[in-house]
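We use all heavy atoms of the structure for the numbers below, so side chains are in, but hydrogens, waters and symmetry mates are not.
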Amino acid sequence: GIVMRRLSNGIRVNIKKTLNSPNTVSIAAVSPGGLARETRTNPAAVKLGVQAIMQGGSFGNYSREMVDLFSMRKLMNINFGVTLESITWDLLAPTETVDDLMQFLMLTYSDLRWNEKAFNSAKDLFQSNWDAVTKSLEMASADMLVRAVANDDARFWGPPPEVIESLDLNTVKDELEKQLCTDGLEINIVGDFDMEEIEESVLKHLGTIPKRDKPEPIYQQDIIDIKPDPTRQHQRIELPDDQKRAIGYLTGVAPNRWGYSTENPKCKENGYWSYDGKVAKDEQTQERRKHPMFATACIELIEKMVSTELYSLLRDSLSLVYHTKFEVGVNERLPTNDWLIVINSEHQNVDRAVNEASKCLRNIRFTPHMLSSAKRSVQHFHETESANDAYWLGYLRGMQDDTIPDKMEGASAEYYDVLNQVSLDDIKEVWKTFLTSEKDVYTCVGVSG
């Protein structure tokens, strides 16, 4: 089972005991916000701050050298990262170091120390990464596509050297630390441990962190108001290379992983998912669509069905690609998301492959066979992945997050039942929330050689 606690300083704790990895504990400390909470005036500040801490951050009276030595002795694997929606510490270590891990998190959220040298080193690393992006066919093509879709908003792409160079340590420190608050912080713990010892350690260390309220808003309104640049809807980039290669990207707007979208703000106003308010749904359909996991189950099935259909058409039928896949973005808090198609092909085929993929999205016909096959595939994926602690960390994330109200323990436990009840009509209606018309699909083709 899952144990959930909420401390007096606002920290939420989700604990799941497993035997997947003996004598190992995995922790994900998640602070909601991320890049979506940055402002246009200081884009990439949080991203640079995270890298600066990874390069040379320390805590309390401990130097960076002491922190590194301590981590190595305790066999602690530590990573600090940021996404559009959150900032996360990922920790992995032997179970006997649980107390040390909790102390590490306590110091991180109460006495973080910055280093000017590490800050400058992080800037240099971003410059190196930028150089790598401009020389990589895959990354340069993806970056060009993101720039067009985000209309050059530097919070989404790059960031370019001039943006990084304009940031100073105090600005970066303020932008990052205001997100490292206790209110809304979620600590997810999975592994092989004694439950009583874990709870005692959580209370002893994390319970003593001074309370800090989270800043408002949870995300900047202009993040979801961004409109793509129609003059760059279809782009092409050519890079010199010893080998001839080609890649294609297609993207468009999708609902978030829980079904919510700014394109369909009233789709659940009746208490159940409905994509045509004029048509009254029968009682059985209403009941099925009331479940919190309904939309996320449909989206996962759509992801599998569309990906399979694309592969069957582009590779098996037309022989235009080496590989292709359809993916839906991971946004859970923002009321917007994206879908992405990646195509690996040859010079002479890539343009046609991109066009055929776009037509496939517009003309796709979902069938009972596609749905039943997708259900088996999705269920098999979850059953297989449940043998990994990383899967359970993802399962726990957001379980007590007020900005993801549909994610709750009881509802999540019923996922398989919901998945198997999804009908073909459900899939067709949810698919309407994916923008796939000619005017909505943005593409970028990259070729080298």
Side-chain angles (χ1 to χ4, degrees), residues 35 43-44 47-48 51 81-84 123-164 228-254 303 306-307 310-330 337-361 436 438 440-449:
L35 304 181
K47 198 180 290 186
L48 179 58
Q51 189 58 53
V82 60
T83 67
L84 190 59
K123 280 189 169 185
D124 292 339
L125 185 60
F126 270 94
Q127 177 66 61
S128 299
N129 290 343
W130 176 258
D131 293 340
V133 167
T134 58
K135 295 172 184 175
S136 164
L137 180 66
E138 292 78 10
M139 290 192 290
S141 303
D143 201 58
M144 180 177 278
L145 181 64
V146 171
R147 287 182 64 176
V149 173
N151 217 334
D152 291 324
D153 191 316
R155 290 172 291 185
F156 289 90
W157 65 283
E162 59 269 21
V163 169
I164 292 297
D229 180 1
T231 65
R232 291 181 284 173
Q233 185 176 5
H234 303 294
Q235 300 182 95
R236 187 181 187 86
I237 184 172
E238 296 185 12
L239 295 179
D241 201 326
D242 295 335
Q243 293 182 325
K244 283 190 174 184
R245 294 185 298 131
I247 191 164
Y249 293 101
L250 300 88
T251 191
V253 175
E303 197 171 27
V306 175
S307 200
L310 276 171
Y311 190 87
S312 176
L313 173 69
L314 298 181
R315 180 174 170 83
D316 298 341
S317 299
L318 301 177
S319 300
L320 293 175
V321 304
Y322 301 124
H323 185 67
T324 184
K325 60 181 177 181
F326 174 87
E327 296 179 327
V328 181
V330 297
N337 205 4
D338 60 77
W339 56 262
L340 176 71
I341 294 175
V342 182
I343 289 172
N344 298 101
S345 184
E346 295 180 335
H347 277 64
Q348 66 271 25
N349 293 331
V350 67
D351 291 300
R352 185 186 169 200
V354 168
N355 290 333
E356 291 292 342
S358 184
K359 283 195 289 186
C360 178
L361 293 183
T436 60
E438 284 190 72
D440 294 316
V441 176
Y442 279 66
T443 69
C444 185
V445 170
V447 295
S448 65

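For the pair V149 and W157, the minimum side-chain heavy-atom distance is 4.5 Å or more.
Side-chain contact, Y442 with Q235: no donor N or O sits under 3.5 Å from an acceptor N or O.
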Self-check item: Pair R352-L318, side chain to side chain contact (heavy atoms under 4.5 Å, CB included): steps then yes or no
Solution: CA-CA 10 Å; R352 185 186 169 200; L318 301 177; 3.9 Å; yes

Exercise. For R315 and H323, run side chain to side chain contact (heavy atoms under 4.5 Å, CB included): C-alpha distance rounded to whole Å, both residues' side-chain angles, the deciding distance at 0.1 Å, then the answer.
Key: CA-CA 7 Å; R315 180 174 170 83; H323 185 67; over 6 Å; no

Quiz item: Are F326 and L361 close enough, and set up right, to give a side chain to side chain contact (heavy atoms under 4.5 Å, CB included), and what steps lead you there?
Solution: CA-CA 10 Å; F326 174 87; L361 293 183; 4.3 Å; yes

Quiz item: Please walk me through it: do I341 and I343 pass side chain to side chain contact (heavy atoms under 4.5 Å, CB included)?
Solution: CA-CA 7 Å; I341 294 175; I343 289 172; 4.0 Å; yes

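Other residues, nucleotides and ligands contribute at most 12 non-hydrogen atoms within 6.0 Å of the CG atom of D242. When the shell of 6.0 Å around CD of E438 is examined, it contains 12 or fewer heavy atoms from other residues, nucleotides or ligands.
Residues K325 and S307 share a closest heavy-atom pair of CA-OG, 3.5 Å. Across all their heavy atoms, P159 and W130 have their closest contact at O-CE3, 3.7 Å. The two residues E356 and L314 come nearest to each other via the heavy atoms CB-CD2, 3.7 Å. The nearest pair of heavy atoms linking I237 to A140 is CD1-CB, 3.9 Å.
The distance from atom CZ of R232 to atom OG1 of T443, rounded to the nearest 0.5 Å, is 13.0 Å. Distance check: S141 OG to L239 CG gives 6.5 Å after rounding to the nearest 0.5 Å. A distance of 13.5 Å separates CG of D131 from CZ of F126, quoted to the nearest 0.5 Å. Atom CD1 of I164 sits about 8.0 Å away from atom NZ of K123, to the nearest 0.5 Å. Here the straight-line distance linking atom CG of L137 with atom OG of S448 works out to 4.5 Å at 0.5 Å rounding. The distance from atom CG of N344 to atom CG of N349, rounded to the nearest 0.5 Å, is 12.5 Å.
Although no hydrogens or angles enter the test, the distance criterion places a donor-acceptor pair under 3.5 Å between the side chain of E303 and the main chain of V328. In this structure a side-chain-to-backbone donor-acceptor pair under 3.5 Å is missing from S358 to V354.
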I'd like a table of donor-acceptor pairs (distance under 3.5 Å, sequence neighbours excluded) in which one partner is a side-chain atom from residues 243-252, with atom names and distances.
| from | atom 1 | to | atom 2 | distance (Å) |
| --- | --- | --- | --- | --- |
| R245 | NH1 | E138 | OE2 | 2.5 |
| R245 | NH2 | D241 | OD2 | 3.4 |
| Y249 | OH | E138 | O | 3.1 |
| T251 | OG1 | W339 | O | 2.6 |

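Between R236 and D351 there is a salt bridge, since at least one side-chain N of the basic residue sits less than 4.0 Å from a carboxylate O of the acidic one.
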